[in-house]
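Please read these numbers as outputs of a predicted model, since none were measured by experiment.
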Amino acid sequence: MRGLISVVVTTYNREDALEAVLRSLQSQNDRDFEVVVADDGSAPATAALIDRYKAQVGVPLTHAWHEHRGFRAGAIRNRAVRASHGDYVVFLDGDCLTRPDFVATHRKLAEPGWFVTGNRALLTQALTDAVLNQPLEPEYWGTADWLWQRLSGGLNRLAPVLRLPLGPLRKIRPQAWKGARSCNLGVWRADLDRVDGFDASFSGWGKEDSDLLVRLLHAGVRRKDGDYATGVLHLWHAAADRSRLAENEERLSRVIESRRVRAESGISSLERDVALGSVGSGEAGER
């Protein structure tokens, strides 16, 4: 894959974690990328942090924001995709640190007709506090450091921080959507446009990323595993409100049964809103 990669980073009112993520992206050895922060309605402190990093991250940095009306990750990711310029989009959560070859590895694995799913290592609350407050830079740690952290209980599993050349084994689950998450996901922009991005009809935590993957599979795009290559370091946070999960699971089941490809409320909905003038500057936009 040649050309610009767009890294879309989702966040909401967690400046300490977002700063650590932006710091890790600042150190990427592949510099042909941009960062678009998909902000689900954070307070002004997040905008101030992003403005500060625009001068030091070394790549284009854009802030896509909308008013907070509950968890609307799908909607704000669509807004960020619309503001992006790359032919390939890598989705990343704003509490997931990347190692220096993260962008380069996604570029190497990108292949027409496939999306790439990565994995994550979950850091404990104690290690997360140390990373954010000391601060530590675990994105530079080697295998021995992570083995020590695993033995001492600092993270949940070792596999996401290991590297293995899996080759053709990366394509052994081309139709699988379970277990994949949008905290580490690479998709061609053309494929996102084909399915109209995330479905903003999913409101509240859960399954909006599964819905995207299911519809990509319906459209003929296949899954390629980025395990043992693109793993990210997921900082601890309290459990999300899952009160809408059952409703979202039911919605996902209907999508699976219907073989539907396009989102009910996707990127094109934003285009219509702009054309009709229904999105005001106080509600959403780029900053």
Check: Lys171 and Glu111 side chains under 4.5 Å, non-hydrogen atoms: yes
Nearest 0.5 Å, what's the CZ-CG distance between Phe115 and Leu109? 13.5 Å
Any chance you could measure Leu127, atom CG, to Ser152, atom OG, to the nearest 0.5 Å? 8.0 Å
Are Glu139 and Ser24 linked by a side-chain donor-acceptor pair shorter than 3.5 Å? no
Here the gap from Asp209 atom CG to Phe202 atom CZ, rounded to the nearest 0.5 Å, amounts to 9.5 Å
For Gly74, does its backbone N or O pair with a side-chain atom of Glu208 as donor and acceptor, under 3.5 Å? no
Report yes or no: does Gln26 contribute a side-chain atom to a donor-acceptor pair with the main-chain N or O of Gly58 at less than 3.5 Å? no
Any side-chain heavy atom of Asp87 within less than 4.5 Å of one from Leu4? no
For Trp236, the ring pair (Phe, Tyr, Trp, His ring centres under 6.0 Å) test, sequence neighbours excluded, returns none
Donor-acceptor under 3.5 Å (Asp16 side chain, Leu132 main chain): no
Give the minimum heavy-atom separation between Asp196 and Ala263, together with the two atoms involved. O-CB, 3.8 Å
Would you mind listing the cluster partners of Leu245? Hydrophobic ones only (ILVMFWY), side-chain contacts under 4.5 Å, chaining allowed. Phe71, Trp205
Find out whether Leu122 and Leu155 are in side-chain contact, i.e. whether some heavy atom of one side chain is under 4.5 Å from a heavy atom of the other. no
For Asn133 and Asp129, indicate whether the former's side chain and the latter's backbone hold a donor-acceptor pair under 3.5 Å. yes
Please answer whether the main-chain N or O of Gly197 pairs with a side-chain N or O of Arg215 as donor and acceptor at a distance below 3.5 Å. yes
Main-chain N/O of Asn13 paired with Ser42 side-chain donor or acceptor, under 3.5 Å: yes
No-hydrogen, no-angle side-chain donor-acceptor test under 3.5 Å, Ser27 and Tyr140: yes
Would you check if Val9 and Val21 make a side-chain contact, meaning some heavy-atom pair closer than 4.5 Å? yes
Can you name the residues that form a side-chain hydrogen bond (donor to acceptor under 3.5 Å, both in side chains) with Arg222, not counting sequence neighbours? none
Which residues pass the side-chain hydrogen bond (donor to acceptor under 3.5 Å, both in side chains) test with Ser203, sequence neighbours left out? none
Under 4.5 Å between any side-chain heavy atoms of Val37 and Thr62, yes or no? no
Do the side chains of Arg254 and Glu257 get close enough for a salt bridge, i.e. N-O under 4.0 angstrom? no
Any sub-3.5 Å donor-acceptor pair from Arg170's side-chain atoms to Asp227's backbone N or O? yes
Per side chain to side chain contact (heavy atoms under 4.5 Å, CB included), His106 is matched among Thr98, Val116, Val89 by Val116
Which heavy atom of Leu217 sits nearest a heavy atom of Pro174, and at what distance? CD2-O, 3.3 Å
Would you check if the side chain of Arg194 reaches a backbone N or O of Ala219 as a donor-acceptor pair within less than 3.5 Å? yes
Ile267 vs Asp193 side-chain heavy atoms within contact, under 4.5 Å: yes
Sub-3.5 Å donor-acceptor pair from the side chain of Arg79 to the main-chain atoms of Asp40, do we have one? no
Inter-residue atom distance Ser210.OG - Lys207.NZ, 0.5 Å rounding: 4.5 Å
Would the distance check show the side chain of Asn78 and the main-chain N or O of Ala75 forming a donor-acceptor pair, the cut-off being under 3.5 Å? no
As an exercise, state the distance from CD of Gln56 to CZ of Arg23, rounded to the nearest 0.5 Å. 11.5 Å
Do Thr46 and Asp39 meet the criterion of a side-chain donor-acceptor pair at a distance under 3.5 Å? no
Looking at CG of Leu162 and CZ of Arg150, how far apart are the two atoms once the value is rounded to the nearest 0.5 Å? 11.0 Å
Using a strict threshold of under 4.0 Å (side-chain N to carboxylate O), is an ion pair present between Arg52 and Glu19? yes
Under the side-chain hydrogen bond (donor to acceptor under 3.5 Å, both in side chains) rule, collect the residues that match up with Arg107, sequence neighbours excluded. Asp30
Please tell me if the side chains of Asp101 and Thr230 come closer than 4.5 Å, counting only heavy atoms from C-beta onward. no
Do the side chains of Glu249 and Arg251 get close enough for a salt bridge, i.e. N-O under 4.0 angstrom? no
Could you work out, with side-chain hydrogen bond (donor to acceptor under 3.5 Å, both in side chains) as the rule, every residue matching Thr117, not counting sequence neighbours? Arg223, Asp225
Side-chain contact, heavy-atom cut-off 4.5 Å: Leu216 with Trp177? no
Mark yes when over 12 heavy atoms from residues, nucleotides or ligands other than Tyr228 sit less than 6.0 Å from its OH; otherwise mark no. no
Applying the 4.5 Å side-chain criterion to the ILVMFWY set and letting contacts propagate, would Ile172 and Leu166 be lumped into a single cluster? yes
Look at Asp199 together with Arg260 and state whether they make a salt bridge at an N to O cut-off of under 4.0 Å. yes
Thr11, Leu235, Leu18, Thr10 screened by side chain to side chain contact (heavy atoms under 4.5 Å, CB included) with Asp93, the one that passes: Thr10
Assess Arg77 against Phe198: is NZ or CZ under 6.0 Å from the centre of the six-membered ring, and within 45 degrees of the ring's axis? yes
